[in-house]
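Let me begin by presenting the structure, written as structure tokens, before commenting on it.
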Amino acid sequence: MAVHKTQVGIVGAGPAGLLLGQLLHLNGIDSVILENRTRDYVIDRVRAGVLEQGTVDLLRAMGVGAGLDSRGLRHDGLYISVQQRRHRIDLADLTDGRAITVYGQNEVVKDLIDARVATGRPLNFEAGGVSIDGLDARPVIRFQHAGAEHEVRCDIIAGCDGFHGICRPSIPADALTVYERSYPFGWLGILAEVGPSSDELVYAHHERGFALFSMRSPTVTRLYLQVPPDESIDNWPDDAIWDEMVTRMMSLDGWKPNIGRIIQKGVTPMRSFVAAPMRHGRLFLAGDAAHIVPPTGAKGLNLAASDVLVLAHAVKAFYQRGQSDALDQYSDVCLRRVWRAQRFSWWMTSTLHRFPDDGPFDLQRQIADLEYLTSSRAAMTSLAEQYVGLPPEVSFESAGLSGG
Ligand code: FAD
Ligand code: DHB
């Protein structure tokens with residue numbers, strides 16, 4: 001058995017684990033990151049695309065904003081389509097110049113892996129049989145790598161291993177309260193090799209179900225369709241996907257998505273989930289390991305970034321001033337933002353999707369809700385300030401960064 005020592009053991013090399021590792025490094029705090037998948041798998045996984053203003057500011061302040069600045073697409077607004085009419089919401093105008101940036105999660109992860117490798121600190125892919133122990137006083141992470149057994153002894157464990165990871169299930173069930181809601185639908189997502197026909201996202205309400213127009217670059221379009229929750233992708237030949245996308249998105253002015261070769265497709269279920277508290281002894285959960293939001297509000301990746309900013313601030317106070325009060329407050333501070341994001345994501349989801357039990361009353365109510373949203377400056381401002389992201393819970397300076 002090989003024994004390693006570090007200050008913070010990080011399980012998971014998704015956005016949460018990699019961001020935390022970099023924030024700790026910038027404060028001179030050592031960490032080991034363990035990931036059970038391969039490097040290519042982690043980079044190639046197609047997921048989120050919308051970064052809040054605060055996430056963009058954070059990546060820049062951490063010195064990992066070069067890719068984002070050269071290839072990210074800043075969007076000052078978005079469209080809501082209702083009754084086949086597109087209404088623009090001017091995010092920047094309604095929020096004093098704040099905006100979102102479309103930059104694929106896989107690009108963010110690639111940039112963070114490069115930054116980690118440049119620090120020379122450990123990042124182990126393909127770690128097998130990862131388990132954690134000693135959460136009350138002496139945390140250890142055990143894993144297998146290249147046929148050998150390893151043990152990492154640390155002061156703190158950061159559980160950044162996503163919804164299906166091992167950290168949350170390592171907490172005794174009676175020490176966690178779980179809040180959960182599943183939705184009677186999922187999203188079929190595609191990437192298509194075709195230039196986007198709109199410069200900004202289109203969230204489309206349609207009586208056949210929700211559809212979302214997004215993009216990854218000037219030559220790649222990303223689109224989503226509401227489908228039944230356990231829908232098989234085999235039921236959706238490419239022509240059927242395009243027919244349904246065009247039906248749900250086409251507006252009376254003739255706008256519709258450009259059609260091209262589909263290069264990736266898959267179905268994702270949707271749920272709202274919160275496990276509280278986000279701490280057990282010396283284990284701190286961050287990102288999807290602690291909470292899941294339905295993707296309609298584009299909040300998941302941004303919440304992961306916000307959790308690790310709070311955690312980095314608390315870990316810094318612990319090592320630099322010997323204070324554990326910020327660690328003690330970690331869960332409460334994060335959960336306030338998590339619940340706001342849960343509410344926003346639930347509201348976006350329920351307002352835009354068709355529910356199987358809905359009748360004609362519900363359809364008219366949704367249309368009225370969306371027509372109010374797109375005609376009232378107060379309602380648009382409320383959406384805009386939540387969509388571009390609420391202010392950070394802790395200052396960048398307190399997490400050891402300049403600016404922000
Ligand atoms: P993950 O990205 O899940 O990373 C966890 C890591 O831990 C993974 O690499 C995993 O392989 C690893 N791991 C798991 N188990 C173990 C183990 N036992 N040992 C070691 N490692 C382990 N969010 C947004 O903000 N905006 C969006 O537009 C958006 N769109 C989305 C669209 C889709 C289709 C999906 C599926 C998600 C979307 N999200 C979006 C959500 C976003 O992708 C997640 O919230 C984000 O990935 C969370 O990051 P994380 O690091 O917490 O978890
Ligand atoms: C994307 C994903 C989302 O969940 C969303 O709300 C907006 C855009 C995207 O993948 O581009």
Side-chain angles (χ1 to χ4, degrees), residues 9-21 33-39 41-52 54-55 73 75 78 100-106 108-109 112-113 123-132 141-145 158-170 186-191 196 200-203 210 212-217 220-224 264-271 273 285-308 341 344-345 348-349 352 387 389:
I10 301 177
V11 185
L18 291 164
L19 276 167
L20 180 64
I33 306 182
L34 299 171
E35 164 63 48
N36 64 352
R37 302 288 193 156
T38 66
R39 180 190 173 117
Y41 180 90
V42 170
I43 290 176
D44 291 343
R45 206 166 28 193
V46 181
R47 299 177 86 184
V50 172
L51 305 183
E52 291 177 355
T55 307
L73 307 168
H75 289 194
L78 59 75
I100 53 133
T101 297
V102 173
Y103 189 60
Q105 178 168 331
N106 31 357
V108 174
V109 165
L112 288 167
I113 290 176
L123 166 58
N124 296 309
F125 290 98
E126 299 175 70
V130 179
S131 67
I132 60 174
I141 309 177
R142 299 195 180 88
F143 67 102
Q144 292 124 26
H145 190 63
C160 301
D161 51 347
F163 186 67
H164 299 288
I166 52 97
C167 288
R168 192 183 65 253
S170 305
W187 275 13
L188 185 162
I190 62 164
L191 271 184
E200 295 176 339
L201 271 56
V202 183
Y203 285 82
F210 172 69
L212 171 59
F213 176 93
S214 182
M215 65 209 64
R216 283 295 175 272
S217 75
V220 176
T221 300
R222 174 96 172 127
L223 301 166
Y224 298 97
Q264 192 270 345
K265 56 181 176 179
V267 176
T268 326
M270 287 176 79
R271 60 164 70 83
F273 176 94
L285 301 175
D288 279 16
H291 41 73
I292 296 284
V293 286
T296 326
K299 288 282 166 255
L301 169 59
N302 296 294
L303 271 186
S306 157
D307 287 352
V308 298
F344 179 66
S345 306
M348 288 279 282
T349 303
L352 286 160
Y387 196 76

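In each ligand, atom 1 is the first atom listed, and ligand 1 is the first ligand listed.
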Next on the checklist: I'd like to know if the side chain of Asp288 and the backbone of Phe163 have a donor-acceptor N/O pair within less than 3.5 Å.
Outcome noted: no

Checklist entry - Who gets closest to atom 9 (C) of ligand 2 by heavy atom: Met348, Gln105, Met215, Arg216? => result Arg216

Next on the checklist: Tell me the protein heavy atom at minimum distance from atom 45 (O) of ligand 1, and give that distance in Å.
Outcome noted: Asp288 OD1, 2.7 Å

Checklist entry - Tyr203 to ligand 2: N or O pair under 3.5 Å? => result yes

Item to check | Residue-ligand contact Cys160/ligand 1, heavy atom below 4.0 Å | outcome: yes

Checklist outcome for this item: closest protein heavy atom to atom 11 (O) of ligand 2 is Ser214 OG, 2.6 Å

Next on the checklist: Can you name the atoms of ligand 1, numbered from 1 with element, that are less than 4.0 Å from a heavy atom of Gly49?
Outcome noted: 27 (C), 28 (O)

Checklist entry - Just distances here: any N/O of Val42 and N/O of ligand 1 closer than 3.5 Å? => result no

Item to check | Flag side-chain contact, heavy atom, 4.5 Å: Val109 against Arg45 | outcome: no

Checklist entry - Does even one non-hydrogen atom of Arg47 get within less than 4.0 Å of ligand 2? => result yes

Checklist entry - If you measure from each heavy atom of Tyr224 to ligand 1, is any distance below 4.0 Å? => result yes

Checklist entry - For Leu301, is at least one N or O under 3.5 Å away from an N or O on ligand 1? => result yes

Next on the checklist: Checking the N or O distance criterion of under 3.5 Å, is ligand 2 in contact with Trp187?
Outcome noted: no

Item to check | Protein heavy-atom partner closest to atom 1 (C) of ligand 2 - residue, atom, separation in Å | outcome: Tyr224 CE1, 3.8 Å

Checklist entry - Looking only at atom types and distance, does a side-chain atom of Lys299 sit under 3.5 Å from a main-chain N or O of Ile292, one as donor and one as acceptor? => result no

Checklist entry - Looking only at heavy atoms, is any part of Arg37 under 4.0 Å from ligand 1, and if so is it the side chain, the backbone, or both, or is it neither? => result side chain

Checklist entry - Among all protein non-hydrogen atoms, which one is nearest to atom 8 (C) of ligand 2, and what is the separation to 0.1 Å? => result Val50 CG2, 3.4 Å

Checklist entry - At under 4.0 Å between heavy atoms, which part of Leu34 makes contact with ligand 1: side chain, backbone, both or neither? => result backbone

Checklist entry - Does Arg45 approach ligand 1 within less than 4.0 angstrom via side chain, backbone, both or neither, non-hydrogen atoms only? => result side chain

Checklist entry - Do any nitrogen or oxygen atoms of Pro295 come within less than 3.5 Å of a nitrogen or oxygen of ligand 2? => result yes

